[in-house]
Amino acid sequence: MQHDARPGLLEISDLRIGFGSAPVVDGVSLSLAAGETLGIVGESGCGKSILSLSILGLLPAGARILSGNIRLEGRELTQLSARDLRSLRGDRISMVFQEPMTALNPVLTIGSQLSEVFRIHRGVSRQEARAMAVEALRAVGVASPETRIRNYPAQLSGGMRQRVMIAMALACRPQILIADEPTTALDVTIQAQILDLMRNLRKEYQTTILFISHDLGVIAEVSDRVAVLYSGIVVEEATTAELFSNPQHPYTRGLLAALPQPDVETLPEVLFEIPGMVPAPDDRPSGCRFHPRCPLASDQCRTAAPPVTRIGPDHRVACWEAPQ
Ligand SMILES: Nc1ncnc2c1ncn2[C@@H]1O[C@H](COP(=O)(O)OP(=O)(O)OP(=O)(O)O)[C@@H](O)[C@H]1O
Ligand code: SF4
Ligand SMILES: [Mg+2]
């Protein structure tokens, strides 16, 4: 998708990523301005995680960037060596994963894991690093951090582990934080607390955030802008307010209709669901790749892919039915 002329902190242009067959990320362009939070939403299998992992050079085995660019302040990241990528991670860009247990080491206390990050990235002594770890845990709302640092990951609740993960990701004051479904594994109350925490941290440190979720409700709580990903492409992009008040793509409208309506007194027994599923990358339909699921699909939709149209200063959509 075309994006604005103003250069962002992070610029992704026409990025294609594949596992050998059809690209799973199939020509994505996104711009992340300093200080903003960009939400990426889409159902399972749309390519959200592969897209975010590519920024950090953490693609799974077999995946390859086929074409396109990822630039951080003009510096091309797709060509960096493994060593340069390592220093980029946790220094300029860090990541919070859906399941913190996969990112935390089970045999080390959280204090020693956090201290290690400070020692490596800030070059401080063991004692200073420990004090910083305590403060970092306090900043993400962990009670009695002096005691908590002696705990192993398995001794913490899911919400507490996610706070530790966020503290680790923020330890080196990254310019960009990538959060891939950071609250999906948590229950609703804890999820709300973590979202609150992310909003506060953002206010305090002006961190630029790429926030990924399949849940548009969660995305709306934290994002300034939203990009809707469908089957490896961005089908709509707008400010959060614009996307909610004036959604244009039938897929976006479907995601919105599937949100629970808290102000409706009697909830319908079954919430709206978009019929069908995201196609596998090697089984995409002709024309608009959403057409088999779209209530507005026409013959044109079945044969030709819709171009991206700018319909407002900060609103783009790829649909034949959108106002031209
Ligand atoms: N390790 C892998 N090997 C082969 N194909 C993969 C692999 N990981 C992902 N894919 C393919 O890439 C597509 C996008 O996967 P990705 O994990 O990015 O989706 P996602 O949008 O993050 O989904 P979810 O919401 O389930 O996390 C998948 O549909 C799958 O076809
Ligand atoms: S281009 Fe056609 S099939 Fe695709 S989303 Fe728009 S109306 Fe539906
Ligand atoms: Mg994912």
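Nothing here was measured: the structure is a model prediction, and the numbers come from that model. The figures that follow rest on heavy atoms only: side chains count, while hydrogens, waters and symmetry mates do not. Residue numbers run from 1 in the order of the sequence given. Just follow the structure's listing: the first ligand is 1, and inside any ligand the first atom is 1.
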- Message: Strictly under 2.8 Å of atom 2 (Fe) of ligand 2: which protein N/O/S atoms qualify?
- Response: C301 SG
- Item | Tally, protein N/O/S atoms nearer to the Mg ion (ligand 3) than 2.8 Å | 1
- Ignoring hydrogens and geometry, is there a side-chain-to-backbone donor-acceptor pair from E76 to I70 under 3.5 Å? yes
- Query: Tell me, which pairs form a ring-ring contact (aromatic ring centres under 6.0 Å, His included) where one or both residues lie in residues 76-125, sequence neighbours left out?
  - Reply: none
- Where the side chain of R293 meets the backbone of P275, is there a donor-acceptor pair that is under 3.5 Å apart? yes
- Around atom 17 (O) of ligand 1, find the nearest protein heavy atom and jot down its residue, atom name and distance. S49 CB, 3.7 Å
- Note on the structure: atom 26 (O) of ligand 1: closest protein heavy atom, distance to 0.1 Å, is S44 OG, 2.5 Å
- Proximity flag C46 to ligand 1, non-hydrogen atoms under 4.0 Å: yes
- Query: Does the N or O separation between G47 and ligand 1 drop below 3.5 Å for any pair?
  - Reply: yes
- Message: Quick test of your reading of the structure: of R253, R289, E236, H249, whose heavy atom lies closest to atom 5 (S) of ligand 2?
- Response: H249
- Message: Does T239 form a side-chain hydrogen bond (donor to acceptor under 3.5 Å, both in side chains) with D314? I'd like the steps, not just the answer.
- Response: CA-CA 7 Å; T239 59; D314 214 349; 5.8 Å; no
- Message: Could you check whether F290 and H249 have their ring centres less than 6.0 Å apart?
- Response: yes
- Note on the structure: Only one of V226, T252, V218 passes side chain to side chain contact (heavy atoms under 4.5 Å, CB included) with V41, and that residue is V226
- Task: Give the residue, atom name and distance (to 0.1 Å) of the protein heavy atom nearest atom 29 (O) of ligand 1.
- Result: G45 O, 3.4 Å
- Please list, chain by chain and in numerical order, all residues satisfying salt bridge (charged side-chain N to carboxylate O under 4.0 Å, His left out) with R302, sequence neighbours excluded. D299
- Query: Short question: side chain of R289, backbone of R284 - any donor-acceptor pair under 3.5 Å?
  - Reply: no
- Can you hop from L58 to L80 via hydrophobic side chains spaced under 4.5 Å? yes
- Would L195 and Y205 show up in the same hydrophobic cluster when neighbours are defined by side-chain heavy atoms closer than 4.5 Å? yes
- Query: Please state which protein non-hydrogen atom is closest to atom 25 (O) of ligand 1 and give its distance, to 0.1 Å?
  - Reply: K48 NZ, 2.8 Å
- Item | atom 12 (O) of ligand 1 - nearest protein heavy atom and its distance | V24 CG1, 3.2 Å
- Query: Same hydrophobic cluster for L66 and L56, using side-chain heavy-atom links shorter than 4.5 Å among ILVMFWY?
  - Reply: no
- V228 with L30, same ILVMFWY side-chain cluster at under 4.5 Å: yes
- Message: Could you check whether any side-chain N or O of K48 sits under 3.5 Å from a backbone N or O of G42, counting only pairs where one atom can act as donor and the other as acceptor?
- Response: yes
- Query: At a 4.0 Å threshold, what atoms of ligand 1 neighbour a non-hydrogen atom of P281?
  - Reply: 31 (O)
- Nearest non-hydrogen protein atom, atom 16 (P) of ligand 1: I50 CG1, 3.8 Å
- What is the closest protein heavy atom to atom 4 (C) of ligand 1, and at what distance does it sit? F19 CD2, 3.5 Å
- Query: Taking 4.0 angstrom as the limit, do E73 and R92 come out as a salt bridge?
  - Reply: yes
- Task: Treat each ILVMFWY residue as a node, draw an edge where side-chain heavy atoms are under 4.5 Å apart, and state whether Y152 and V164 are in one component.
- Result: no
- Would you mind running through ligand 1 and noting each atom that sits below 4.0 Å from a heavy atom of E181? 25 (O)
